[in-house]
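Hydrogens, waters and symmetry mates play no part in the numbers below; they use all other heavy atoms, side chains included. This structure is a prediction, so every number in the text was calculated from the model and none was measured. Letters A, B, ... mirror the listed sequences (proteins, then strands); counts begin at 1.
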2 protein chains.
Amino acid sequence: MARGSTRPTSRDVAQAAGVSQAAVSLVLGDKWRGRVSEATAERVREAARDLGYRPNLAARNLRLGRTRTVLLVVPALTTEFFAGVYTGAARVAAEHGFGVVLYPSPEGIGPARDPFASAQAALDGVIASSMAADALTAIRGEALPLVMLDSDPAGSLGAATVNLDIADGVRQVVEHLLSLGHRRFLHLAADVPSWTFEVRARELAARLAGVPGTSVRTARAPISIEGAVAATEAALSVPGPRPTALVCDDDKLAAGAYKAARRLGLRIPDDVSVTGVDDLALATAIDPELTTVRLDAELFGERGMQALLAVLEGRSPEGGDIPVHLLVRGSTAPPA
Amino acid sequence: MARGSTRPTSRDVAQAAGVSQAAVSLVLGDKWRGRVSEATAERVREAARDLGYRPNLAARNLRLGRTRTVLLVVPALTTEFFAGVYTGAARVAAEHGFGVVLYPSPEGIGPARDPFASAQAALDGVIASSMAADALTAIRGEALPLVMLDSDPAGSLGAATVNLDIADGVRQVVEHLLSLGHRRFLHLAADVPSWTFEVRARELAARLAGVPGTSVRTARAPISIEGAVAATEAALSVPGPRPTALVCDDDKLAAGAYKAARRLGLRIPDDVSVTGVDDLALATAIDPELTTVRLDAELFGERGMQALLAVLEGRSPEGGDIPVHLLVRGSTAPPA
DNA sequence: GAGCCGACGTTATACGTAAAACCTAGGGCG
DNA sequence: CGCCCTAGGTTTTACGTATAACGTCGGCTC
């Protein structure tokens, strides 16, 4: 307790243990083998414990020129998907002595929309979802080591990318629905500018292009239940033969589609089949349970963090998309 | 570009502008009125812009002894409720030049379960949900300015608290159900050690204690759909007169109750009425839409941050619980 | 017995910033 | 004319840490 109520510093510990500040740093930094005697080391550790010493991170970060902290930039946290990504990333980070700070892309937070103004912390690197579009330009401006999640590998100039194999997910959905006998599709597309949604639209069109007698229309909605209800209701009300299969970019959109179908007096899956993507809790809460593409959010986060660690260590991150798989539930059946 | 590829420092800017480092600090810190001429100031700003200078936050934090960063500790981010809390807190923080770092309480992240190991950043204060129980002891050990969310005002030794008026929410639920004619209640309680859930149980019992002919049973479940299904199915299967009203601590639990009811062949609201708390997106996704107590998550976050700012400035935070209100939807009706 | 080496430390320095203390003209004022 | 004041800076210092560079002393080798 050098003076009053301020936090104890390594110098205070040194004084209490009767050694120099350098010795404290060596002992507590676990670099003392052959430099400090075991007895002295123990005295230092005891003094640190007694004083409740915690190193000043700002000072350490300044000294080392690195923070062992990375920023995870995600879109607004309105589903548990990115919670899973965080969990996976944080787990891998913790194993390597890193911390992860979360930045949910702003929805009217401050004028600057600048992740780095919010997370004042000094950072070693960034993992960013391509869905957090607003934040991306600020991120590039920082010139920090960067890993993009679900981003166009060709378009992400230099930045490493980790992607879900969503194209394969679409393939599984299409094959499932085709094998049930569906031919007229409605694509309920997320109205969000992200590569992953572009892939879904492109892949769906490509898969159906080869199959005679099929057709696909597109409706767009923001990722929210209300938005999906309106878009779906409109799309299902146009004249002509009604689509029998509704392929949604996301479980939330699918939930909206359920409500729209109910309003129109259509039954699921008898009158129309519905599929989603994500496998949120929502997917099994609604009735019938939703056939959806399960994404392993935690693995996604783990791989993202591993890629960033690789970049930080000058290694090149391992490639390979993350597999996804279709869960067939009650919302899909042969058309009437 | 003093040497190579490292980030430019204020000294680099000074050299480029032909002034001293101190002048740069004054100009960029907006403290130059009457100390530096407008022309020089402009030269400095231009040099900073050209070099892409961003101050080193570790150094600034060390120098100032404060970080203008606070930690928001929440339970695992599996609903959008805490996303709203974050948004509100971050908005108020941004208005005061603060940043908010999110720490979702761990679910197997690292051995230490220490929020401060994860958020390596140096912190000025903490806002913590009482639901993030695992993290609380570590937080108290840090002796940082602390605001607790939904925590017992009497039991939070010294720490400021900001609470939702959940007791009033329970009152509204009970009055609504009583007025519909319900007398036999089942309380589906969240199996989470938090003051807010204790209040719900206590208030429910207290409100019914005064009404003759009423009874209430309790079932406990973790906050997840599957857990709620099992608990509800068991509770509704015991012999004797079946409860007609199911009061759930949370919308997710209510969603589980829906599924349990369906499995037992019970219709909502004809055979059993159900209420929740939160008003998640889930509440309007399920059919019928859920009667629930709406919590204003963003306001909750705003008030939490305001309270923390008050503590940091030595003011005493303003009291008063945050009002909540019941949204009556299709899941409640008179008993058969 | 000179030289060297290992064990056990200490002293000194740098990281980049903010700001206190200090310097220097030139002009106004008595 | 001597003095102070103000504008417009500069020099210096401190924040707390990690670590490179430097001592010192006893014992061992040759």
Side-chain angles (χ1 to χ4, degrees), chain A residues 2-4 6-44 47-48 51-69 97 120-124, chain B residues 1-4 6-45 47-48 51-69 97 120-124:
Chain A
R3 47 175 187 281
T6 57
R7 272 174 53 157
T9 72
S10 61
R11 210 175 309 273
D12 296 328
V13 175
Q15 193 177 334
V19 297
S20 71
Q21 179 267 332
V24 172
S25 183
L26 288 172
V27 171
L28 268 35
D30 219 33
K31 298 210 156 68
W32 56 281
R33 283 157 283 241
R35 319 255 291 121
V36 177
S37 71
E38 173 54 44
T40 305
E42 185 48 35
R43 231 167 54 239
V44 168
L51 292 174
Y53 169 73
R54 321 263 342 217
N56 180 317
L57 293 173
R60 168 179 295 174
N61 291 340
L62 173 58
R63 175 67 234 251
L64 295 178
R66 95 200 115 97
T67 61
R68 294 189 167 274
T69 299
Q120 303 253 7
L123 301 169
D124 279 358
Chain B
M1 53 181 97
R3 50 170 184 283
T6 58
R7 272 174 54 158
T9 73
S10 60
R11 210 175 310 270
D12 297 328
V13 174
Q15 192 177 333
V19 297
S20 71
Q21 179 268 332
V24 173
S25 182
L26 288 171
V27 171
L28 267 36
D30 219 33
K31 299 216 155 67
W32 56 281
R33 285 157 282 241
R35 319 258 288 119
V36 177
S37 71
E38 173 54 43
T40 306
E42 185 49 35
R43 230 169 52 242
V44 168
R45 280 190 288 259
L51 292 174
Y53 170 72
R54 319 260 347 214
N56 179 316
L57 293 173
R60 169 179 292 176
N61 291 341
L62 174 59
R63 175 68 235 247
L64 295 178
R66 95 201 115 96
T67 60
R68 291 190 169 274
T69 299
Q120 302 253 7
L123 301 169
D124 279 359

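Each salt bridge (Lys or Arg N to Asp or Glu O under 4.0 Å) pair with one or both residues in residues 13-32 of chain A, not counting sequence neighbours, appears once here: A:D30-A:R33.
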Expected list for residues 35-44 of chain B: side-chain donor-acceptor pairs under 3.5 angstrom, two or more places apart:
from  : atom 1 : to    : atom 2 : distance (Å)
B:S37 : OG     : B:T40 : N      : 3.2
B:S37 : OG     : B:T40 : OG1    : 2.9
B:E38 : OE2    : B:R45 : NH2    : 3.1
B:E42 : OE1    : B:R45 : NE     : 3.2
B:E42 : OE1    : B:R45 : NH2    : 3.3
B:R43 : NE     : B:A17 : O      : 3.2
B:R43 : NH2    : B:A17 : O      : 3.1

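Within residues 18-34 of chain A, the residues having any heavy atom under 4.0 Å from DNA chain D are, by residue number, A:Q21, A:A22, A:S25, A:K31.
Separating the CD atom of A:E38 from the P atom of C:dA7 is a distance of 15 Å, rounded to the nearest angstrom. Straight-line distance from the CG atom of A:L51 to the C1' atom of D:dG16: 15 Å, rounded to whole Å. Atom CG of B:N56 and atom P of C:dC15 are 11 Å apart (whole Å). Rounded to whole Å, the distance from CZ on A:R66 to P on D:dT17 is 16 Å.
Fit an axis to the five pairs at each end of the helix from C:dG1-D:dC30 to C:dG30-D:dC1 and the two axes sit 60° apart, to the nearest 10 degrees.
Backbone-only contact: A:L64 has heavy atoms under 4.0 Å from sugar-phosphate atoms and none from a base.
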Between the protein and nucleotides 22-26 of chain C, list every N/O to N/O distance that falls short of 3.5 Å.
none

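Partners of B:S25 under the side-chain contact (heavy atoms from CB on, under 4.5 Å) rule, at least two apart in sequence or in another chain, are B:Q21.
Along DNA chain D, the nucleotide nearest B:A39 and the nucleotide nearest A:S10 are compared for position; the residue whose nucleotide lies closer to the 5' end is B:A39.
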